[in-house]
> 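First the structure, which I've put down as structure tokens, then a few questions once you've had a look.
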Amino acid sequence: MTTYRVGVIRGDGTGPEVVAEALKVLDAVRDGFDVDPVEFDLGADRYLRTGDVLPDEELDGLRGCDAILLGAVGDPRVRPGILERDLLLRVRFELDQYVNLRPVVRYPGVQTLVPSHTEDDVDFVVVRENSEGLYSGVGGFHRKGTPHEVAVQSSINTRHGVERIVRYAFELARGPGRRRTLTLVHKTNVLTFAGDLYQRVMDELAGEFADVETDYVHVDAACIYFLDQPGRFDVIVTDNMFGDIITDLGAMIQGGMGIAAGGNINPEGVSMFEPIGGTAPDHVGKGTINPLAAIGATEMLLGQLGEQEAADRIDAGIRFACTKVASLRAGEMGYSTSEVGDLVVEGTRT
Ligand code: IPM
Ligand code: MN
């Protein structure tokens, strides 16, 4: 029997609460394989206690896992940027998780803020470039603190980086359950260098993937379409920063951050799955946070490991829970965090 080493970073805020539910569900669908959870004590508490954010030994430990489940990182007691950059982004970069895969799906029974959407209008996936762009940390200050201060933050777009993310998106668009349409979302009318590279790579690869239809939408217009015509999207490919922004809007048309899951994927290496919503400081310790996003991340983790049957059972469990909870928003579910986990477990059995 295969045993998967799953690295577990519970992290900060409500991270530990949602990870507990995700592990409960993982345990319920474990059939024909085993899971060896390996805990990593990383996040704000560890940093405040010891000053460590991500020691090299622990990074090596993460490299030795089959996959990683992350709760959330970030804490009001820690200056913004430290945990985000030196923990979350460092893992993404060092493990070369160059794909940030974010499904935008509205499950039956879920209420959203957009009354004009029908239930099956929202079903697409965003492929966010996850290893470069504005996130590369290239830049600096000049004359810092003076009236003549200059701050430069450069967007790095390599041929290699763009090609591998666009190729991944094309493959996905022709894969199971997709509708063979790939939309590039960028801002080619203003970002005439980076956007041009993305567009040229799209055009070149389109020849190789003749069965996939291609489209292009400016990022600002994409925000309009998320609300007005979400059904036009099947697979979206976009850069790191645009992908960050549009997937928060994507989460809202799914029903809220409580359901939005994502994967930081290295198709040839170790991938890390997380709810994309963050630490929700207002809900810590109250049992009011929605665990469905973390549970969805676990579904994606199992899919990546090739355990599709178990992943499908989690999907059924999430759909079942969605028909029961009053709202996907934290504190408005009508059930506690652990009761929602129990509903999913119940749904995995049907
Ligand atoms: C996300 C988050 C991160 C990002 C932050 C916490 C660095 O917003 O995963 O979307 O910007 O990628
Ligand atoms: Mn984000």
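Count residues from 1 along the sequence. Predicted model, so just to flag it, every value in this text is computed and none were measured. Whatever order the structure lists ligands and atoms in, that order sets their numbers, starting from 1.
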> Check ligand 1 against E84 and write out every atom of the ligand that is under 4.0 Å from a heavy-atom position of the residue.
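Under 4.0 Å from E84, ligand 1 has these atoms: 6 (C), 7 (C).
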> Any atom of ligand 1 sitting under 4.0 Å from a heavy atom of I276?
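No; I276 lies far enough from ligand 1 that no heavy-atom distance drops under 4.0 Å.
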> Run the numbers on F124 and Y225 for ring pair (Phe, Tyr, Trp, His ring centres under 6.0 Å), then give the verdict.
CA-CA 12 Å; F124 59 91; Y225 289 138; over 10 Å; no
> Under 6.0 Å from the six-membered ring centre of Y135 and within 45° of its axis: does the NZ or CZ of R128 meet both?
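Pair R128/Y135 counts as cation-pi.
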> Please list the nearest protein heavy atom to atom 3 (C) of ligand 1 with its residue and the distance rounded to 0.1 Å.
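Its nearest protein heavy-atom neighbour is L88 CD2, 4.0 Å.
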> Report yes or no: do N264 and N130 form a side-chain donor-acceptor pair below 3.5 Å?
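On atom types as modelled, these side chains qualify, holding a pair under 3.5 Å.
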> Sort out for me which residue in D234, V212, V235 forms a side chain to side chain contact (heavy atoms under 4.5 Å, CB included) with L172.
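Among the candidates, only V235 passes.
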> Taking the six-membered ring of Y107 as reference, does the NZ or CZ atom of R319 fall below 6.0 Å from its centre and within a 45° cone about the axis?
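So R319 doesn't make the cation-pi contact.
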> Measuring only between side-chain heavy atoms, which start at C-beta, is T118 closer than 4.5 Å to D120?
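Side chain of T118 against side chain of D120, heavy atoms only: contact under 4.5 Å found.
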> Looking at the rings of F242 and Y198, which for Trp means the six-membered one, are their centres under 6.0 Å apart?
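Ring centroids of F242 and Y198 are no less than 6.0 Å from each other.
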> Would you call D211-R174 a salt bridge at under 4.0 Å N-O?
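The answer is yes: the pair qualifies as a salt bridge.
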> What part of R102 sits under 4.0 Å from ligand 1 if we count only heavy atoms: the side chain, the backbone, both or neither?
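Contact part for R102 vs ligand 1: side chain (C-beta onward).
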> Of the protein's non-hydrogen atoms, which lies at the shortest distance from atom 2 (C) of ligand 1, and what is that distance?
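The answer is D244 OD1, 4.0 Å.
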> Note the single closest protein heavy atom to atom 11 (O) of ligand 1, along with its residue, its atom name and the distance in Å.
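Ranking protein heavy atoms by distance from atom 11 (O) of ligand 1, first comes Y135 OH, 2.6 Å.
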> Anything protein N/O/S under 2.8 Å from the Mn ion (ligand 2)? Just list residue and atom, please.
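Per the 2.8 Å query on the Mn ion (ligand 2), atoms found are D244 OD1.
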> Would you say E309 has more than 12 foreign heavy atoms packed within less than 6.0 Å of its CD?
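Atom CD in E309 is not crowded, with 12 or fewer foreign heavy atoms closer than 6.0 Å.
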> To which of R128, E274, R85, R92 does the heavy atom nearest atom 9 (O) of ligand 1 belong?
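The option holding the nearest heavy atom is R92.
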